[in-house]
Amino acid sequence: MGKFKAKYAVLKYVPNLERNERINIAIVLHYPESKQLDMIIINNWKRVRSFDDEADIPFLKKYVDDLKEQFTINLLSDFDGISLDNILLLDELTKYFVNKFIFEIHEINTEDSFKDLLDNLKNIYLYYDISKEKRVNEMESKAFIEKHFLENNIFYERCGHKNAIQEKYGNNINFDYKIDDKYYKLIFLTEDNYNGYVAILKMWITNSIMLKKENKELIFVLDDNLNNEKTNSYKRMLSEYGKIISIQDFVNIKIDNNK
């Protein structure tokens, strides 16, 4: 089977729109070609409680369970005249959600089976529902990103010794990817490197300043799996020295630019 279009949506819980704090609570995947649609919901609701200590967890669980029933069990052939083979189905299913629940929709070209892609999306977006020994590591995340680039004909350069940037003092600045004329550094904020955040971020702030002097733009691609007060302060600090995007946006922005 060759490549075909698919859509997935990340359901985010946003307790307060002004603060713009959000946490992933479900993934919905739609394959129009094979008329498949499914939704995976988090099991680790304790993390939602830690994220928002005012959250009504029983209500949230019931609400999301009802959504899954609406999206999967009750959706047999069509939804308001839109069939399961329509690429716009997910847009129609999610367009009325506002306030505390937001769906972020992504369209991709893929050749993965429905189950394989759904499992990959769960590993990336519902990270803390996976036991520690099975969680996606940094190398696997990069492999997932590059697979999407290749499937969508997006040309990229991966950093290596031959193409590292040498600034005017003779030091090499290693990045992760170069796409067009922009450089990208992936930063993973996880429990494993929690104690090393400050040193890592200071180094990349310095690198960003040096690159600006060379008229080069460095963009920080952050995977914030903790999303707590401390990591949010780190993101604010980084934002003063360069643009910040999420890994999800990194992949999606490049797909959009390629159309």
Side-chain angles (χ1 to χ4, degrees), residues 4-45 47-48 51-52 55-110 112-129 144 148 152 223-224 227 245-257 259:
F4 53 90
K5 287 188 181 297
K7 279 193 176 181
Y8 67 90
V10 185
L11 176 59
K12 297 175 179 288
Y13 170 57
V14 188
N16 187 294
L17 290 175
E18 292 181 356
R19 291 197 302 269
N20 199 31
E21 296 172 341
R22 52 189 65 193
I23 186 171
N24 299 343
I25 58 175
I27 287 288
V28 187
L29 178 61
H30 177 218
Y31 270 25
E33 184 162 306
S34 56
K35 297 185 178 182
Q36 290 174 283
L37 180 73
D38 202 359
M39 181 175 184
I40 295 180
I41 304 168
I42 61 167
N43 292 310
N44 187 4
W45 288 94
R47 187 162 182 263
V48 179
F51 172 75
D52 176 18
D56 185 343
I57 300 299
F59 166 78
L60 293 179
K61 291 174 69 173
K62 177 67 165 58
Y63 186 86
V64 180
D65 284 342
D66 288 346
L67 280 184
K68 179 167 183 175
E69 183 173 348
Q70 175 187 341
F71 285 5
T72 57
I73 298 173
N74 292 340
L75 187 64
L76 299 177
S77 58
D78 64 45
F79 175 79
D80 287 349
I82 298 182
S83 63
L84 275 166
D85 59 1
N86 192 318
I87 191 67
L88 295 177
L89 176 63
L90 204 51
D91 302 80
E92 289 297 317
L93 284 171
T94 61
K95 69 181 181 181
Y96 297 112
F97 291 90
V98 292
N99 298 327
K100 293 191 175 185
F101 296 95
I102 294 176
F103 281 96
E104 291 186 354
I105 298 179
H106 304 268
E107 181 177 309
I108 60 173
N109 294 316
T110 184
D112 287 345
S113 71
F114 185 85
K115 182 182 183 304
D116 286 346
L117 183 54
L118 192 59
D119 287 342
N120 282 335
L121 293 173
K122 178 182 178 181
N123 288 337
I124 297 293
Y125 291 94
L126 306 182
Y127 181 83
Y128 280 100
D129 248 34
F144 181 80
H148 278 290
N152 290 276
D223 186 12
D224 183 4
N227 196 25
I245 62 175
S246 68
I247 284 185
Q248 300 94 307
D249 289 338
F250 178 39
V251 175
N252 199 53
I253 285 172
K254 294 302 133 187
I255 290 173
D256 288 342
N257 287 345
K259 291 178 181 179

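Numbers here simply count residues along the sequence, with the first being 1.
At distances below 3.5 Å, not a single donor-acceptor pair connects side-chain atoms of D112 with backbone N or O atoms of L117.
No side-chain heavy atom of E33 sits less than 4.5 Å from a side-chain heavy atom of D85. The shortest distance between side-chain heavy atoms of I105 and K7 falls below 4.5 Å. D65 places none of its side-chain heavy atoms less than 4.5 Å from the side chain of K68. Side-chain contact between V64 and W45 is present, with at least one heavy-atom pair separated by less than 4.5 Å. Taking 4.5 Å as the limit, some side-chain heavy atom of I108 sits within range of a side-chain heavy atom of Y8. For the pair L93 and H30, the minimum side-chain heavy-atom distance is 4.5 Å or more. Inter-residue side-chain proximity for D56 and P58 is flagged as met; some heavy-atom pair is nearer than 4.5 Å. Under the 4.5 Å side-chain criterion, counting only non-hydrogen atoms from C-beta, D38 is in contact with F114.
Every residue was checked against the side-chain hydrogen bond (donor to acceptor under 3.5 Å, both in side chains) condition with K61, not counting sequence neighbours, and none meets it. When the side-chain hydrogen bond (donor to acceptor under 3.5 Å, both in side chains) test is applied to Y13, the partners found at least two apart in sequence or on another chain are D52.
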Item checked: From CA spacing to verdict: side chain to side chain contact (heavy atoms under 4.5 Å, CB included), I23, K12 -> CA-CA 5 Å; I23 186 171; K12 297 175 179 288; over 6 Å; no
Just do the side chain to side chain contact (heavy atoms under 4.5 Å, CB included) check on I42 and N24 with the steps written out, would you?
CA-CA 8 Å; I42 61 167; N24 299 343; 6.0 Å; no
* To do: Might you work through the side chain to side chain contact (heavy atoms under 4.5 Å, CB included) test for T94 and F71, ending with a clear yes or no?
  => CA-CA 10 Å; T94 61; F71 285 5; 4.2 Å; yes
List the steps, then state whether side chain to side chain contact (heavy atoms under 4.5 Å, CB included) holds for I25 with Y63. CA-CA 12 Å; I25 58 175; Y63 186 86; over 6 Å; no
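Between A6 and P32, the shortest heavy-atom distance links the atoms CA-CD, 4.2 Å. When all heavy atoms are compared, the tightest approach of E104 to H106 is O-CD2, 3.6 Å. Closest heavy-atom contact between A26 and L126: N-CD2, 3.9 Å.
In this model, no donor atom of one side chain and acceptor atom of the other lie less than 3.5 Å apart for N86 and S83.
Put simply, NZ on K5 and OH on Y31 are 13.5 Å apart, with the number rounded to the nearest 0.5 Å. From L90, atom CG reaches atom CZ of F103 across 7.5 Å, with rounding to the nearest 0.5 Å.
The one candidate from L29, L11, I27 that meets the side-chain contact (heavy atoms from CB on, under 4.5 Å) condition with M39 is L11.
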